[in-house]
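Accompanying notes for the structure given below.
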Amino acid sequence: MAGLNDMQDLACRHVDGPLLILAGAGSGKTRVITHRVAYLMDEIGVNPYNILAITFTNKAAAEMRDRVNNIVGEGAERVWVSTFHSLCVRILRRFSDRLGYATNFNIYDSDDQKSAVKNILKELKIDPKKYPEKMFLAEISNAKERYISPDQYAKMNATDFVKTQTATVYSEYMKRLRKFNAFDFDDLIYKVVELFEHNPDVLELYQDRFRYIMVDEYQDTNHIQFLMVKQLASKYRNLCVVGDDDQSIYKFRGANITNILNFEKEYPDAKVVKLEQNYRSCGNILAAANAVIKHNEGRKDKALWTDQGDGEKLVFNQSEDEYMEADRVVNEIIRLTANGAQYKDIALLYRTNAQSRILGEKLVMRGIPHRVYGGQNFYERKEIKDIMAYLKVVNNSTDDTYLRRIINVPKRGIGDATVDKVAAFAAANDMTLMEAMQIIEQVPGLQRSVAKISSFVELIDGFRGIIEEQEPLSTLFDRILEDTGYEDELIAEHTDESMARLENIDELRNRVVQFETDYEEATLADFLEDIALVSETDKMSDDDNMVKLMTIHGSKGLEFPYVFLCGMEERIFPSAMAINSDDEDALEEERRLCYVGITRAMKKLYLSCARNRMLHGSRNCNDISRFIKEIPPLLFQNSGDITRHVKRMEERQFADTGYTGNRYGSSGQSGYGKGSYHGKSSQTGSGYSSSNPYSSYSKAKKEPISITPSTKPSFGKEFTVNRELVLDYGEGDRVRHMKFGNGTVTQLVKGGRDYEVTVDFDRGGTRKMFASFAKLKRLEE
DNA sequence: AGTCAGCGAGTTTTT
DNA sequence: CTCGCTGACT
C-alpha cells in the first residue's frame, strides 16, 4: 500500500481474525489504523457502518476521524470512531431503560462522587476522619474496574471489617446513583457490560453492527474494558488491537498491562505485527529512549530504530533551584525562536502539575505566548461548577447533589437547616428533594423559608420552560446568569478574583455557543455529556502559536520538535511515591512515563533539574533523576558535565563524606534502596534557611562534626525515617514557637521516634505538642 | 443566616 | 504552601 513500510502494510492487510499490533512510539500507528480502515472499505468492501475504532482520548478520536476522512472518500463519516466512554454513553442513551435508568441520566464527575460518598458516610455514621471518602471511592472504582458488583464484593470480603464497611458504602452508593439516575465514569463501561450480559439481543445488535473492531492504546485498557471488547468481538472475532506495553502509564487508574501482554493467550490464533521503525525522533533521542526503557523487566522485547540519522544531541542542565531552572528553559526558548523555531514547536513537560506554575510565571515575565494544559481543570472551578449545576438541575432534577449546590448560590436565604428539613420530609415520603420543594406548603416546620423556596422552584421552572420552548442553549445560559443574579453579584463585587470568574463564565458561554454551532440539533443533555467526557487537552489546537505546558501524562500521543523535560530529579521524577512504593512495578511505570516523555521529541530534547526545590512548603535537595543516569553520557551535547554530575552524585551516595553532612545518613544503604527517603524531614525543626542546619546535631550528639563552610547543605536522603529525632533543647530551655511565641520547656517525654514536649508559654497557657510537628527553636540566653 | 478566623490535613498522574 | 472544614461570633 502506498506510503507504508512492510510491517505496516502487513498489519493493514490482515483482515480476518484477531490481530495485535505492537506499535512503538512514533511508528506510525495512526497511519496504520487509518489505512487499515481504507483497506477494509475499498479493497474488502466492508460497509463503513460495520467498523468501530475505539481510542483513548477524544483528541485521538477527532484526529483519527480526520485522517480517515482524508484517505477514504465516500462513507468515511459512517465509520464509528469514539472513545470507550462516549461509545458507552451512546449505547446507554439508547438502552439504559433495560437497566432501570432513564435515558437522560447524568454523568458524575469525581466531585459528584465525593459528595455522594460523603453523604452516605453521614447516613451510615461512619467517621470520615477515620475512613476518608477517598479510600471508599478508590476501592469502589477498583471493584467496578474488575466487574465486581456490590453483592459480590460483600461476599468476597465478609471477614474483613473495613471491607465489609466498604461493601455497605458501595452498595449504598449504587443505590443512590440509581435513585438519582446517574452514572459515574466507571459505571459507563460497567453498565454496558452488564447490559450485554443480561440482554443477548442487545449484544448481538452491536456485535452485528461492529464486525470490525479496532482498539487503540490497548495497553491502557482496564479489565472491564477488556471484557467489553471481548463481548463485542466474540461473534466475528475481527479484533485488532494496537498498543505499546512500554507506554502503559495509567496503572493508577486501573489500566492493566497484562491485557496487551497476554493478548496472544486470550486469542491464540492472533497474528502479531511489530512496528519498530520510528518516523518521529532523531537517532540520539531514540537511543536515549531505548536505553532508559531497557531497564524495565517484564516487557515485550523491542527497540525503536530510525533511518533518519542521529540528529542533535540531548542537553542536560542542573540549576540551583527551580527558578533558575525555569530561567534557563526560557532563555533557551528565546534562543530557539530567534533561530527560526515557532512557539508551537516547543513543549515543556513535567511530572506534576504543580511544576507548571513557576515555568508559567517566567514565560509571562519574558512575554512568551504559552498555554498551560491540565492542572486545575476549567470545569472544576467554582463558578463553572455552579453554572453547570444549574444546567444539570434544569436537565434532570432528580439529583439532590446539584440542587443542594445551587439552592443558596447566590445567597437567597435558604440555609442548611431549612434544606435538611425539606430533605428529611422528602426522605420520609420517598421523594426527591425537588419534588418535596414543589409541594413546599406541605412540609412542616418552615416559616419564612416557604416563600423563598417556592420562588426558587419557580425560577428553575422558568429555566425548564426555555428548554421546552426549544430555545437555544445560549438563551438558557444567559437567563440563568441574569435571573439568578449570579452575574450581578460578581460584577458588584468587582475584585480581581470576581473579574476572573466572570471571564471564566464568559469562556463557558463561548463553549456553549460553539457547541450550538457545531451541533444544531444538540440538546442540553448532549452539551452536558460533551462537557463530562471531553477534557482540556482534547481541545488543544495546532493553530495557536504558543509554547505548550503539560504533564507527561498529558503529552501522550503528541509530538513536538523541541521538548523540555523539567524537574528530572529523584522524588519528583521518579516520584517519591514510586520510590517508596511496595509495588515493584511502580518504578517501572515511572520509567515508562519517562520513555513516553523522551519519545515526544522530534528534533531536540532538553532535560533539566534543580539542585533544590520547594516542595510541600519546604525546600529540599534532590539528586539527579536516575533516569538521567540511564542515558549514555555520549548522547548528551555536554557529556562532560553529565559524567561530572553523575559522578558527584555517586560519590554522595557511596561515600560518607563531610560533603553532605551525611553523618546520620543511611551510609549503610547504597543506591536507591527502598525507604531511604521519607517525605517530611522536619524532625530537627531547623529549616533550610537557618544559618547552620547542623548545629542542632552537634549539640545533641555531643560529637564534633566537620562541616566545610563552603559546601551547601544538602537535604535529601540523609534524613531517613529510622533516624532518631534529635532535639537541641531540653527541659528548662527557652524556646520559640512560630505561633505561640516564646516559652519554657517544662517537660520532655519520649514516645517512639518522637518527643512529646510540654511548653509553658510566656503569653499564657501550657501546651503539649509533638516535637516533630511543633517547629520549636531554641533561644540562646 | 452569614461571615470569618483558625486549625488541620493533604499534597501524582485523569478518561 | 494551600485548600477546606469547623466552629464561634455577629
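Just so it is clear: chains get the letters A, B, ... in the order the sequence lines come, proteins before strands, and each one is counted from 1. All values derive from a computational prediction rather than experimental measurement.
- Taking every side-chain heavy atom of A/K411 into account, B/dG2 is the closest of B/dT11, B/dG2, B/dT12.
- Nucleic acid contact class of A/D220 (heavy atoms, under 4.0 Å, all strands): none.
- Ion pair A/E590/A/R351 flagged as a salt bridge, since at least one NZ, NE, NH1 or NH2 atom sits closer than 4.0 Å to an Asp/Glu carboxylate oxygen.
- Residues A/A53 and A/M64 approach most closely at CB-SD, 4.0 Å, considering heavy atoms.
- Distance CG (A/D416) to P (B/dA1): 8 Å, rounded to an integer number of Å.
- Between A/H223 and A/Y147, the gap from one ring centroid to the other reaches at least 6.0 Å.
- Comparing A/E589 and A/G413 by the nucleotide of DNA chain B whose heavy atom lies nearest to each, the residue mapping closer to the 5' end is A/G413.
- Look at the C1' atom in both B/dT13 and C/dG4: the space between them is 23 Å, to the nearest Å.
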Using a cutoff of under 3.5 Å, can you pull out all pairs of nitrogen or oxygen atoms linking the protein to nucleotides 6-10 of chain C, with atom names and distances?
none

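- Side-chain to base pairing of A/H553 with B/dT14: no donor and acceptor N or O lie closer than 3.5 Å to each other.
- Counting to the nearest Å, the C1' atom of B/dT13 and the CD atom of A/Q247 are 15 Å from each other.
- Closest-nucleotide positions on DNA chain B for A/K452 and A/Y250 were compared, and the one nearer the 5' end corresponds to A/K452.
- In this structure, A/K556 reaches neither bases nor backbone, as no heavy-atom distance under 4.0 Å exists between it and the strands shown.
- Of the listed nucleotides (B/dT11, B/dT13, B/dT15), B/dT11 has the atom at the smallest distance from the side chain of A/K134.
- Rounded to an integer number of Å, the gap from CZ of A/F183 to C1' of B/dT15 is 17 Å.
- Within the 4.0 Å cut-off from OP1 or OP2 of B/dT14, at least one side-chain nitrogen or oxygen of A/N353 is found.
- At a threshold of 4.0 Å, the pair A/D526-A/R93 does not count as salt-bridged, since none of the basic side-chain nitrogens sits closer than that to a carboxylate oxygen.
- For the pair A/K556 and A/F56, the cation-pi test (distance below 6.0 Å, angle within 45°) is passed.
- Among the candidates A/R613, A/K362, A/R611, A/R619, the single residue satisfying the salt bridge (charged side-chain N to carboxylate O under 4.0 Å, His left out) test with A/E322 is A/R619.
- As judged by a 4.0 angstrom heavy-atom cut-off over every strand, A/F56 is placed among residues touching the sugar-phosphate backbone only.
- Using a 4.0 Å heavy-atom criterion, one finds that A/T418 contacts the sugar-phosphate atoms exclusively.
- Between B/dT12, B/dT14, B/dT15, one nucleotide has an atom nearer to the side chain of A/R351 than all others, and that is B/dT12.
- Distances were taken from every side-chain heavy atom of A/K118 (C-beta onward) to each of C/dC5, B/dT15, B/dT13; the shortest belongs to C/dC5.
- Contact annotation: A/T551 side-chain N/O to B/dT14 OP1/OP2 distance is under 4.0 Å.
- Per the geometry, CZ belonging to A/R381 stands 16 Å off C1' belonging to C/dC3, to the nearest Å.
- Aromatic ring centres of A/H295 and A/F627: separated by at least 6.0 Å.
- Residue-to-nucleotide contacts include no donor-acceptor pair under 3.5 Å from the side chain of A/R253 to the base of B/dT13.
- If you take CE of A/M135 and P of B/dG10, they are 13 Å apart, rounded to a whole angstrom.
- With A/S454 contributing its side chain and A/V450 its backbone, the two residues share a donor-acceptor pair below 3.5 Å.
- Looking at the side chain of A/A417, the nearest of the listed nucleotides B/dA1, B/dT15, B/dT14 is B/dA1.
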